[in-house]
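Some notes on the structure that comes next.
Throughout, residue positions are numbered sequentially from 1 according to the sequence presented. No hydrogens, no waters, no symmetry mates; every other heavy atom, side chains included, goes into these values.
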Amino acid sequence: MASLGVNIDHIANVRQARQTVEPDPVTMALLVELGGADGITVHLREDRRHIQDRDVELLRATVRSRLNLEMAATAEMVAIALSIRPDMVTLVPEQRNEVTTEGGLDVAGQQQGLKQMVEQLQSASIPVSLFIDPVPDQLEASRAITASWVELHTGTYAEASWSEQPFELARLKDASARARSLGLRVNAGHGLTYQNVEPVAAIEGMEELNIGHTIVARALAVGLQAAVREMKQLIQNPRRDRLFGSQHG
Ligand code: PXP
C-alpha cells in the first residue's frame with residue numbers, strides 16, 4: 001500500500017503572503033503527522049518564495065516521520081542538503097517564472113551534471129529521487145546515473161480529460177513496472193486530488209505519493225467554519241472576561 005508524503009509548501013505560501021509568522025509550516029507539520037502522514041515534503045526554492053531555510057532547519061529537528069527535501073540540482077542546494085541531512089532528496093527542475101514545478105527533470109539530457117550530484121548525496125547516505133515524466137528514456141537515464149528512486153510526474157494524468165485519463169494512467173502503470181524492472185523504487189506526485197488519487201495509489205509497486213495543494217485546500221474547507229466560530233466567540237465573549245471576571249474589565 002502506498003504511503004503519503006504531505007507537501008506543506010502552501011502553508012508557507014500563506015505565511016509569506018503577509019511576511020509574518022503564521023501559519024508556521026513547522027508547527028503545521030506536527031499536525032500533518034498527527035493526521036497520519038508518513039512523511040513531510042518541502043521544496044526549498046532558489047528564490048525562497050515559500051519555504052525558508054529556517055523552516056528546513058527546524059523541520060529536520062522536529063519531523064518524526066520522514067523529511068523529503070525537494071530542490072533544484074544546484075551546488076547551493078546540494079550543500080544545504082548535505083548540511084541538513086533530510087531522509088530523502090527529490091531533485092526537481094526549477095524555473096523562476098513558473099507558478100509550480102512544470103514537467104519532469106530532463107535526466108536523459110543532463111546525465112553528467114546530475115550524476116555527480118546524485119553520487120555526492122547518496123555517498124553521504126541521503127537517498128535521491130528524480131522527479132521525471134513517466135517515459136522510458138528518463139527512467140533508463142535515472143538508472144544510469146544510479147539514483148535509487150524516481151518520482152513519477154502525475155501532472156499530465158491529473159490534467160487529462162475524462163476520456164484521456166485511462167491512457168495517462170496506463171502510462172504511469174507502465175512506467176512504474178519499467179522502473180521496478182530497472183531496480184528503481186517508485187514514488188509519484190503532482191496534481192493528485194481526492195477525486196483522482198485512488199487509481200494511482202493502486203499502481204503496483206507504488207511506494208509513496210507526494211500530495212500538497214489539494215490537502216491544504218481541503219483543510220480550509222473543513223476548518224474554516226470552526227475558525228470563524230472561534231473568532232466570533234472571542235469578539236462576543238472576550239478572553240479577559242473569562243480570565244478575570246467582568247468587574248476587572
Ligand atoms: N511532487 C513534486 C516533485 C512537486 O514539485 C510537487 C509540487 O510542489 C508535488 C509533488 C505536490 O504537488 P501538489 O501540490 O499538486 O499536490
Side-chain angles (χ1 to χ4, degrees), residues 2-5 7 9 39 41-46 66 68-74 77-78 81 86-96 98-122 126-160 164-165 167-192 196-197 199-213:
S3 61
L4 172 64
N7 180 312
D9 295 349
T41 297
V42 287
H43 184 174
L44 184 67
R45 294 187 75 103
E46 289 182 280
R66 293 191 299 266
N68 173 21
L69 179 61
E70 276 180 25
M71 57 183 227
T74 64
M77 288 297 154
V78 170
D87 299 295
M88 175 178 282
V89 160
T90 301
L91 294 178
V92 299
E94 198 175 298
Q95 288 162 34
R96 294 228 164 191
E98 67 191 356
V99 174
T100 180
T101 314
E102 290 168 3
L105 205 55
D106 181 14
V107 185
Q110 30 178 323
Q111 285 201 23
Q112 210 41 49
L114 285 173
K115 185 168 195 270
Q116 206 190 339
M117 289 186 192
V118 170
E119 282 174 355
Q120 224 181 329
L121 291 161
Q122 290 191 158
I126 302 171
V128 178
S129 176
L130 304 174
F131 183 54
I132 56 167
D133 290 327
V135 293
D137 61 336
Q138 297 298 345
L139 290 165
E140 275 143 30
S142 300
R143 180 66 207 146
I145 66 165
T146 72
S148 318
W149 297 73
V150 287
E151 179 173 330
L152 300 177
H153 192 327
T154 51
T156 311
Y157 159 80
E159 281 164 24
E164 288 167 340
Q165 220 169 42
F167 171 74
E168 293 302 332
L169 182 64
R171 283 207 322 147
L172 289 167
K173 282 184 189 166
D174 291 349
S176 175
R178 179 95 189 101
R180 292 169 69 220
S181 75
L182 290 166
L184 291 160
R185 299 178 70 177
V186 184
N187 295 334
H190 210 284
L192 295 175
N196 66 22
V197 72
V200 179
I203 292 175
E204 208 181 328
M206 186 56 69
E207 295 207 35
E208 185 156 288
L209 299 179
N210 280 309
I211 307 181
H213 185 266

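Rounded to the nearest 0.5 Å, atoms CD (Q122) and CE (M117) are 13.5 Å apart. I132 CD1 to D106 CG: the interatomic distance, rounded to the nearest 0.5 Å, is 10.5 Å. The OG1 atom of T154 sits 11.0 Å away from atom CG of N187, with the distance rounded to the nearest 0.5 Å. Here the straight-line distance linking atom CG of D133 with atom CG of L152 works out to 9.5 Å at 0.5 Å rounding. With values rounded to the nearest 0.5 angstrom, S176 atom OG is found 12.5 Å from R185 atom CZ. Distance CD/E207 to CZ/R180: 8.0 Å, rounded to 0.5 Å.
Residues M71 and V78 are in side-chain contact: their nearest non-hydrogen atoms beyond the backbone lie under 4.5 Å apart. H43 is listed as a side-chain neighbour of V92, based on a closest heavy-atom distance under 4.5 Å.
Side chain of T90 to main chain of L130: no donor-acceptor pair is present (N/O by atom type, distance under 3.5 Å, no hydrogens or angles). Remark: the backbone N or O of W149 is not paired with any side-chain donor or acceptor of S142 at under 3.5 angstrom. Side chain of N7 to main chain of D9: a donor-acceptor pair is present (N/O by atom type, distance under 3.5 Å, no hydrogens or angles). Side chain of E208 to backbone of A188: no donor-acceptor contact under 3.5 angstrom is found. No donor-acceptor pair closer than 3.5 Å links the side chain of Q165 to the backbone N or O of N196.
Note on E70 versus R45: no salt bridge recorded, every NZ/NE/NH1/NH2 to OD/OE distance being 4.0 Å or above. Ion pairing of R143 with E140 is absent here, as no side-chain N (NZ or NE/NH1/NH2) approaches a carboxylate O to less than 4.0 Å. Taking 4.0 Å as the cut-off between side-chain N and carboxylate O, E204 and K173 do not count as a salt-bridged pair.
In plain terms, the two heavy atoms of L139 and A175 that are nearest each other are CD1-O, 3.6 Å. Taking every heavy atom of both residues into account, E94 and L44 meet most closely at OE1-O, 4.3 Å. Minimum interatomic distance between A201 and A2 (heavy atoms only, all atoms of both residues): O-CB, 4.1 Å. Scanning both residues, S129 and M88, for their nearest heavy atoms gives CB-SD, 3.8 Å. Between A179 and V150, the shortest heavy-atom contact is CB-CG2, 4.2 Å. Heavy-atom minimum distance, Y157 versus L172: CB-CD1, 3.7 Å.
Side chains of E151 and H190: a donor-acceptor N/O pair is absent below 3.5 angstrom, by distance only.
Under the side-chain contact (heavy atoms from CB on, under 4.5 Å) test applied with I126, the options D87, V118, V89 reduce to a single match, V89.
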Report the C-alpha distance between L114 and Q111 in whole Å, list the side-chain angles of each, state the deciding distance to 0.1 Å, and finish with yes or no for side-chain contact (heavy atoms from CB on, under 4.5 Å).
-> CA-CA 5 Å; L114 285 173; Q111 285 201 23; over 6 Å; no
Derivation of the side-chain contact (heavy atoms from CB on, under 4.5 Å) call for Q116 and E119 = CA-CA 5 Å; Q116 206 190 339; E119 282 174 355; 5.6 Å; no
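Below 30°, between 30° and 60°, or above 60°: for H153 and F131 the angle between ring planes is below 30°, a parallel geometry.
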